[in-house]
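One structure below.
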Amino acid sequence: MPHFTEDNHTFQADAKAQPPSNDGRTRFPRISRPIELMRSEYDVVVIGSGYGGGVAASRMARANQTVCVLELGKERWPGEYPSTLKDIMPQFHVSGGLQSDSNGDEWTEVGDATGLYHLIVGQGQNVFVGNGMSGRHLTVVDRFAYLSPGLGGTSLLNANVFLRADENALSMNHWPSEIRNDPTCLEKYYQRAESVLEPEPYPRDFPRLPKLDLLEKQAAIVGLEKNFYRVPQTTRFRDGPNATGVEMQTSTLTGTDLTGLNDGSKSSTLVNYLSDAWNWGAEMFCECEVRFIKKDARGQGYIVFFAWRGSKREKFREHFHRDLMWVRARQCVFLGAGSLGTAEILLRSKQRGLSVSSRVGTGMSGNGDVLAFGCGINHETSSIWPPANPTGPTITGIIDCRDKPDPLDNFVIQEGAVPAPLAPIIRPILGMRAGARYFRRLHDSLLTLGAEDEGGKQPTEQCDGLTGAGRGGRTQIYLAMCHDGNEGTLSLKDDKPSLRFSGARRREHVRSIEALLAEATRAVGGAFENSPLGNVLHSQGVRLAPPFCSPPRSAFTANAQ
């Protein structure tokens, strides 16, 4: 059984997925505290509990500072993540400015703000983020992944990939001169992060994964076989305690990383940096929506104002954002609420007198993420539920093309998976597009919708093959990352965040990647489809990770003027 002892701050947790018991309690201890136990002041206040906030909390607690962590999301452990579409829907939160016929956008907000999944609707860009205790912001060297505001944040729902930055990218002028002139200076920090996260590639002695085998085959088809390898990831492939003493379980290869792994194999900040911070005395509080920060009128320190969403206080809409709680930071405040959350807090703080840079909220990027599908290929992938073979982690392989003369032309291609709870949504969307493609081809060749296709397949059978119905699918899911433009801005309109993207300066680069993916798809008998989600959401772009600010600096502190 899991146990924790306050006296000596030992912490152990049986991370094997277990459903709640009949009395509503789970087998896992809670490392967050009731709001009633919050002290009025601490040496350090950390906002967010993902990689930015989690690392800050761990380091400050180890430095004998009193630490308070404020997290918007709830604390969730393995066994508590949604496993069906019905479970997911109450966890969905949508907010942003919807385009209207009148002048300007109409603000809308639906769902639980502390739910696991958050769709932010912006002008020219939609952003999907997550909520949960582990923070909103995950940064693994040169890649950004944002997930839930909840204890563990983005790391609860990311695809676990751990990549070091390529040195030619670090040579760009955006980086500090110390890094630009000597990228090897980061080596000790890579090693420090690896000692906690313990990344490793998908083991050779584990079951073969069809989607991984196919990606390797496709890399060879397009002449990039030397760029393919099994990518390091923070998935656990063995039982036993992790670097911070939390018991972990071997991955059951379900591919449900993006909705939350219930098998106890995910190395989120909840089970490493946050548990380490807890061991060293940090105090964590969930359902705390930070609104703004002010300088302490007494001179040193800051006051952090937040709205507490516990006990359904948000039902009192008229007073919820006016009757705020507060906590004092004697030394400094770390903002790790993700690029969107951090910028929103700083902009609101600026309106109340806090001195911050005029660049806050500008230079937003969509990370250059590309989501695409290869439908109806002549190879089983098991990438869409239900699978005929083990799915594996969401990402296991990579075609690493970060070797271009111009760093902005660098990109990577990885294979993906659709977790079981989302399959009922993704499969019909792909089915409609694949079916339309099939009928157009049928009409053009036979001038009739009633004739049978080659091989005697009826339209419904053909669509099943394209969309992956039945035995797990013949659909390869592509997750590509490249360099994007940074035309995005975040501003406050009527005290609510407004996200706008004026265009995509590097759209041609994205098209070249999509052309490469189309070639790799056609070579295995499939039909290439770029992201269908953009069409569903009024043809706007969709990013499965929030934007980040350029230049690429991920740390903000309230005392950095």
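Residues: numbered from 1 along the sequence shown. This one's a predicted model, so the numbers in the text were calculated from it and none came from an experiment.
Side-chain contact between Leu492 and Glu344 is present, with heavy atoms from C-beta onward closer than 4.5 Å. Val271 is listed as a side-chain neighbour of Asn242, based on a closest heavy-atom distance under 4.5 Å. No side-chain heavy atom of Ser32 sits less than 4.5 Å from a side-chain heavy atom of Phe285. Between Tyr302 and Asp296 the shortest side-chain heavy-atom distance does not fall below 4.5 Å. Contact annotation: the side chain of Met284 approaches that of Trp278 to within less than 4.5 Å [non-hydrogen atoms, C-beta and beyond]. Counting heavy atoms from C-beta outward, Leu479 and Glu415 have side chains that stay 4.5 Å or more apart. Within the 4.5 Å cutoff, the side chain of Asp263 has no heavy atoms near those of the Gln249 side chain. Proximity of Ser349 to Lys294: side-chain heavy atoms (C-beta onward) are nowhere separated by under 4.5 Å.
Residues meeting the side-chain hydrogen bond (donor to acceptor under 3.5 Å, both in side chains) test with Thr234, sequence neighbours left out: none. The side-chain contact (heavy atoms from CB on, under 4.5 Å) check on Val304 picks up Val45, Ile47, Leu70, Val290, Ile293, Val327, Val333, with sequence neighbours excluded. Take Asp323 and apply the salt bridge (Lys or Arg N to Asp or Glu O under 4.0 Å) test, not counting sequence neighbours, and it matches no residue. Qualifying side-chain hydrogen bond (donor to acceptor under 3.5 Å, both in side chains) partners for Gln65, counting only residues two or more places apart in sequence or in other chains: none. When the salt bridge (Lys or Arg N to Asp or Glu O under 4.0 Å) test is applied to Asp239, no partner is found at least two apart in sequence or on another chain. When the salt bridge (Lys or Arg N to Asp or Glu O under 4.0 Å) test is applied to Arg238, the partners found at least two apart in sequence or on another chain are Glu200. With sequence neighbours left out, the ring-ring contact (aromatic ring centres under 6.0 Å, His included) criterion links Phe320 to no other residue. Partners of Phe292 by ring-ring contact (aromatic ring centres under 6.0 Å, His included), not counting sequence neighbours, listed by chain and number: Phe305. Residues satisfying the salt bridge (Lys or Arg N to Asp or Glu O under 4.0 Å) criterion with Arg330, sequence neighbours excluded, are Glu41, Asp43.
With hydrogens and angles ignored, the 3.5 Å screen pairs a side-chain donor or acceptor of Arg348 with a backbone N or O of Arg291. The closest donor-acceptor contact from the side chain of Thr396 to the backbone of Pro201 lies at 3.5 Å or more, if one exists at all. Side-chain N or O atoms of Thr342 include none that pairs as donor or acceptor with a backbone N or O of Ser339 at under 3.5 Å. With hydrogens and angles ignored, the 3.5 Å screen pairs no side-chain donor or acceptor of Gln233 with any backbone N or O of Asn160. Side-chain N or O atoms of Glu75 include one that pairs as donor or acceptor with a backbone N or O of Ile31 at under 3.5 Å. Between the side chain of Lys266 and the backbone N or O of Pro78, no donor-acceptor pair lies under 3.5 Å.
Under 3.5 Å, the side chains of Thr256 and Thr254 contain a donor-acceptor pair of N or O atoms. Judged purely by distance below 3.5 Å, without hydrogens or angles, the side chains of Ser251 and Thr235 never pair a donor atom with an acceptor atom.
Identified under the salt bridge (charged side-chain N to carboxylate O under 4.0 Å, His left out) test for residues 271-283, with sequence neighbours left out: Arg33-Glu283, Arg39-Glu283, Arg62-Asp276. Residue pairs meeting the ring pair (Phe, Tyr, Trp, His ring centres under 6.0 Å) criterion with at least one partner in residues 237-263, sequence neighbours excluded, are Tyr202-Phe237, Phe206-Phe237. Residue pairs meeting the ring pair (Phe, Tyr, Trp, His ring centres under 6.0 Å) criterion with at least one partner in residues 247-267, sequence neighbours excluded, do not occur; the list is empty.
Here Arg164 pairs with Glu187 in a salt bridge; the nearest charged N to carboxylate O distance falls below 4.0 Å. Between Glu194 and Arg192, no side-chain nitrogen of the basic residue sits less than 4.0 Å from a carboxylate oxygen of the acidic one, so the salt-bridge criterion is not met. Using a 4.0 Å cut-off between charged nitrogen and carboxylate oxygen, Asp494 and Lys496 do not count as a salt-bridge pair. A salt bridge is absent between Arg313 and Glu287: the closest approach of a Lys/Arg side-chain nitrogen to an acidic carboxylate oxygen does not fall below 4.0 angstrom.
In terms of heavy-atom proximity, Asn279 sits nearest to Thr244 at ND2-O, 4.0 Å. Minimum interatomic distance between Pro203 and Arg230 (heavy atoms only, all atoms of both residues): O-NH1, 3.3 Å. In terms of heavy-atom proximity, Tyr42 sits nearest to Cys68 at CD1-CB, 3.4 Å. Across all non-hydrogen atoms, the minimal contact from Gly255 to Thr394 is O-OG1, 3.8 Å. The minimum heavy-atom distance linking Ser267 with Asn272 is given by the pair O-ND2, 3.4 Å. Of all heavy-atom pairs spanning Pro82 and Pro421, the tightest one is O-CG, 3.7 Å.
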task: Tell me, with the steps shown, if Thr259 and Tyr81 meet side-chain contact (heavy atoms from CB on, under 4.5 Å).
output: CA-CA 7 Å; Thr259 51; Tyr81 302 113; over 6 Å; no
field: Steps toward side-chain contact (heavy atoms from CB on, under 4.5 Å) verdict (Met325, Ile35)
entry: CA-CA 10 Å; Met325 300 180 180; Ile35 197 72; 4.2 Å; yes
task: Check the pair Thr66 / Val44 against side-chain contact (heavy atoms from CB on, under 4.5 Å), numbers first and verdict last.
output: CA-CA 6 Å; Thr66 56; Val44 173; over 6 Å; no
field: Verdict with reasoning, Met248 to Glu198, per side-chain contact (heavy atoms from CB on, under 4.5 Å)
entry: CA-CA 12 Å; Met248 305 291 292; Glu198 302 177 296; over 6 Å; no
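How far SG of Cys286 is from CZ of Arg30: 9.0 Å, rounded to the nearest 0.5 Å. A distance of 4.0 Å separates OG of Ser383 from CD1 of Ile477, quoted to the nearest 0.5 Å. Between the OG atom of Ser265 and the CG atom of Asp257 there is a distance of 7.0 Å, given to the nearest 0.5 Å. Here the straight-line distance linking atom CZ of Phe334 with atom CZ of Arg59 works out to 11.5 Å at 0.5 Å rounding. Rounding to the nearest 0.5 angstrom, the gap separating the CD1 atom in Ile398 from the CD atom in Gln414 is 4.5 Å. Of the inter-residue distances, the one linking Tyr273 atom OH with Ser58 atom OG reads 7.0 Å to the nearest 0.5 angstrom.
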